[in-house]
Each structure stands twice: as C-alpha cells, then as structure tokens.
Amino acid sequence: MKNAVCASACTFSMLGGVNRLIEPGSRLGVHQFYGANGNVGDALAQKTMVFLAAYIEEMGVKRSLLDTAALVPSSQMYWLSPQELVDLGIDNMVTSKSSWKLEALNDGSVVALITQIKPGTRAKVSLMLAKINNSPSLAIFIAHLYENVSDIDDALAALNDSDLVLRVDEKVISKTGGKWVKTKSGGLFISLPLSNYALQKINTGQLLYLYTNVGHAMEQYDASLDFPLTGIKRLIPAVIK
C-alpha cells in the first residue's frame with residue numbers, strides 16, 4: 001500500500017492479505033464498531049469482537065489491535081503509527097534488524113547468536129555459531145510466532161527432502177541434505193559442521209544467506225533468509241577457542 005488511506009472496516013479487510021506491506025505515506029485507522037443506525041449494542045459488539053479476534057489471530061495479527069479500536073469512539077479515528085503496524089503484525093513484510101551477540105550456555109561454553117523474523121510468514125529463524133564435538137558448527141533453529149501453522153511433522157519431512165544451502169556473499173560454503181529434528185518447544189533444528197573454508201568466509205564476509213526449498217505449503221518453516229555478518233569477526237575467537 002503506497003500513499004493509501006485505509007480506515008474502519010477497510011483495515012480489517014486488509015488483514016485478509018497474506019503478505020502485507022504498508023509503505024511510507026500510507027495510513028491505517030481504527031475505531032469502535034457501529035451500525036447503520038448507530039450503536040450496535042453490547043451483545044452484537046461482543047459477538048463481533050469474538051469473530052474478529054479469531055480472524056485476526058488466524059492472519060497473524062495481535063488481538064491487542066481490537067483493544068486499541070475499542071478505546072476510540074466511532075465518531076473519531078485512531079491512526080496506527082508505523083511502529084504499531086509492525087508490532088501488531090499488520091505490516092508483516094519488514095525484516096527485523098538484528099546483530100550477533102555472545103551467550104554463555106549452562107555447560108560454560110560460549111556461543112554467538114542472532115535471530116531474525118522472516119517477512120510474510122513471521123517464522124523466527126535463529127543461528128548459533130558454536131563449538132560442537134570440538135568442531136566449529138552452525139546450528140539453525142526455526143520456530144513460528146503463531147499457532148496456526150502447518151503440521152510440524154509435514155514441515156520436518158519437507159525440509160528433510162530438500163537441500164539446505166549456506167552462502168556467504170556469492171560463495172556457497174555448505175550444501176547438505178536433510179538432518180532436521182524437532183525440538184521440545186515445537187520448533188525445528190539442524191546442526192552443520194563448518195569447514196575451515198566456511199569459517200573463514202563467515203569471518204570475512206558481509207552477508208550469510210540460508211536457502212531451503214520447502215514449497216509454499218510449508219513456508220511457515222522455510223528458513224530462507226539473509227543474516228548480516230557485521231560484528232561476528234570479533235566474536236569468533238571467543239567461540240572457537
């Protein structure tokens with residue numbers, strides 16, 4: 001949506017889109033419900049809220065949008081800020097800006113972590129650079145922010161039937177078949193040993209890109225996403241020591 005104005009019922013209609021991009025200059029507004037003859041009454045308003053809550057949750061939007069609308073008289077309009085559009089999940093095409101950080105695990109080992117939210121599907125993809133079995137490795141975790149996702153067993157089968165490709169800038173550093181497993185928290189996980197060449201490219205590169213070809217039906221668990229490598233160079237010595 002570019003330089004568009006969408007308000008009242010239009011906002012809830014727009015939520016039916018799977019991929020929703022709200023460009024600068026566009027505005028979305030909400031307010032209380034009302035009927036052709038004014039107030040719709042408490043009973044009808046409650047039913048409407050229940051149906052709308054189920055609908056927006058299915059589309060990956062937070063229910064707090066309804067709370068915001070309920071506080072605004074029907075004769076007025078509340079215009080959602082760009083940050084609210086992202087935080088509520090209305091604009092779901094914005095890539096979260098993340099950076100690498102060090103974390104200490106329970107066993108005393110140190111790892112480098114980064115997490116990003118995939119535009120559109122809102123899958124949460126985390127990378128962990130660690131020393132596993134005395135070898136530099138990259139662990140990948142995929143989770144989803146919402147409950148309305150494809151069956152995880154189907155997603156697992158789809159991922160294990162496709163290649164996982166890692167590329168730094170324009171160079172492929174790893175390509176492997178399916179070794180994904182389920183986590184106790186309901187996500188998916190894979191650990192990839194890194195060659196000296198792959199680790200060197202990560203150390204000197206600008207962008208790490210993951211690619212998994214799982215198809216549209218399983219896109220909630222598609223890990224395809226790029227990650228900045230800025231700042232990881234200073235963390236690698238602490239991890240691979």
Side-chain angles (χ1 to χ4, degrees), residues 95-118 121-145 149-215 218-241:
T95 302
S96 61
K97 296 180 180 179
S98 303
S99 57
W100 292 86
K101 60 182 180 179
L102 287 179
E103 292 280 352
L105 303 184
N106 292 334
D107 62 3
S109 61
V110 176
V111 300
L113 289 171
I114 188 171
T115 297
Q116 292 195 159
I117 307 300
K118 188 176 173 66
T121 66
R122 311 306 288 167
K124 183 168 71 171
V125 184
S126 300
L127 304 185
M128 182 179 76
L129 181 65
K131 199 171 184 180
I132 301 175
N133 295 327
N134 229 21
S135 175
S137 301
L138 185 71
I140 304 169
F141 303 85
I142 310 176
H144 205 272
L145 299 182
V149 297
S150 303
D151 184 86
I152 191 170
D153 290 319
D154 291 338
L156 181 64
L159 282 167
N160 281 332
D161 283 340
S162 63
D163 288 331
L164 169 61
V165 179
L166 299 183
R167 192 175 71 233
V168 172
D169 300 330
E170 298 302 320
K171 300 292 184 180
V172 174
I173 64 169
S174 177
K175 183 176 181 181
T176 184
K179 297 178 182 177
W180 293 88
V181 296
K182 290 188 290 186
T183 67
K184 293 181 180 179
S185 59
L188 297 172
F189 163 82
I190 191 171
S191 178
L192 305 174
L194 296 175
S195 66
N196 290 334
Y197 170 79
L199 189 61
Q200 180 188 22
K201 287 297 182 183
I202 290 173
N203 188 47
T204 58
Q206 298 296 315
L207 199 67
L208 173 63
Y209 182 73
L210 277 64
Y211 176 73
T212 55
N213 183 21
V214 296
M218 295 295 135
E219 65 180 354
Q220 294 97 330
Y221 286 98
D222 186 354
S224 301
L225 196 59
D226 56 74
F227 293 80
L229 290 172
T230 306
I232 196 172
K233 183 175 182 178
R234 62 182 176 81
L235 305 182
I236 288 179
V239 176
I240 312 300
K241 58 182 180 180

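The first residue of the sequence shown is numbered 1, and numbering continues consecutively from there. Worth knowing before you read on, the calculation uses all heavy atoms, side chains too, and leaves out hydrogens, waters and symmetry mates.
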How about NZ on Lys131, more than 12 heavy atoms from neighbouring residues, nucleotides or ligands closer than 6.0 Å, or not?
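Yes, NZ of Lys131 has more than 12 neighbouring heavy atoms, counting only those of other groups under 6.0 Å.
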
With a sphere of 6.0 Å drawn around CG of Asp107, does it hold more than 12 non-hydrogen atoms of other residues, nucleotides or ligands?
yes

Pairs satisfying salt bridge (charged side-chain N to carboxylate O under 4.0 Å, His left out), at least one member in residues 165-190, at least two apart
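For residues 165-190: Asp153-Lys182, Asp163-Lys175.
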
Taking salt bridge (charged side-chain N to carboxylate O under 4.0 Å, His left out) as the cut-off, I'd like each qualifying pair that reaches into residues 231-241, sequence neighbours left out, listed once.
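Qualifying pairs: none.
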
Tell me, do [X] and [Y] make a side-chain contact under 4.5 Å, heavy atoms counted?
X: Lys118; Y: Ser224; value: yes
X: Val168; Y: Leu229; value: yes
X: Ser191; Y: Ile132; value: yes
X: Asn203; Y: Leu199; value: no
X: Asp226; Y: Leu208; value: no
X: Thr115; Y: Phe141; value: no
X: Ile190; Y: Leu159; value: no
X: Val125; Y: Phe227; value: yes

From NZ (Lys201) to OG (Ser174), nearest 0.5 Å:
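If we round to the nearest 0.5 Å, Lys201:NZ and Ser174:OG are 14.5 Å apart.
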
Interatomic distance, Gln206 atom CD to Thr230 atom OG1 [nearest 0.5 angstrom]
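Separation between the atoms: 5.5 Å.
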
Which heavy atom of Ile240 sits nearest a heavy atom of Ala130, and at what distance?
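Ile240 and Ala130 have their closest heavy atoms at CD1-O, 4.0 Å.
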
Testing the basics here: between Ala112 and Val239, what is the closest heavy-atom pair and its distance to 0.1 Å?
N-CG2, 3.7 Å

side-chain contact (heavy atoms from CB on, under 4.5 Å) assessment of Leu164 paired with Trp180:
CA-CA 10 Å; Leu164 169 61; Trp180 293 88; 4.1 Å; yes

One pair to check against side-chain contact (heavy atoms from CB on, under 4.5 Å): Leu192 and Leu166. What are the steps and the verdict?
CA-CA 10 Å; Leu192 305 174; Leu166 299 183; 3.7 Å; yes

Any sub-3.5 Å donor-acceptor pair from [X]'s side-chain atoms to [Y]'s backbone N or O?
X: Ser137; Y: Ser135; answer: yes
X: Trp100; Y: Pro228; answer: yes
X: Ser109; Y: Leu105; answer: no
X: Ser162; Y: Thr212; answer: no

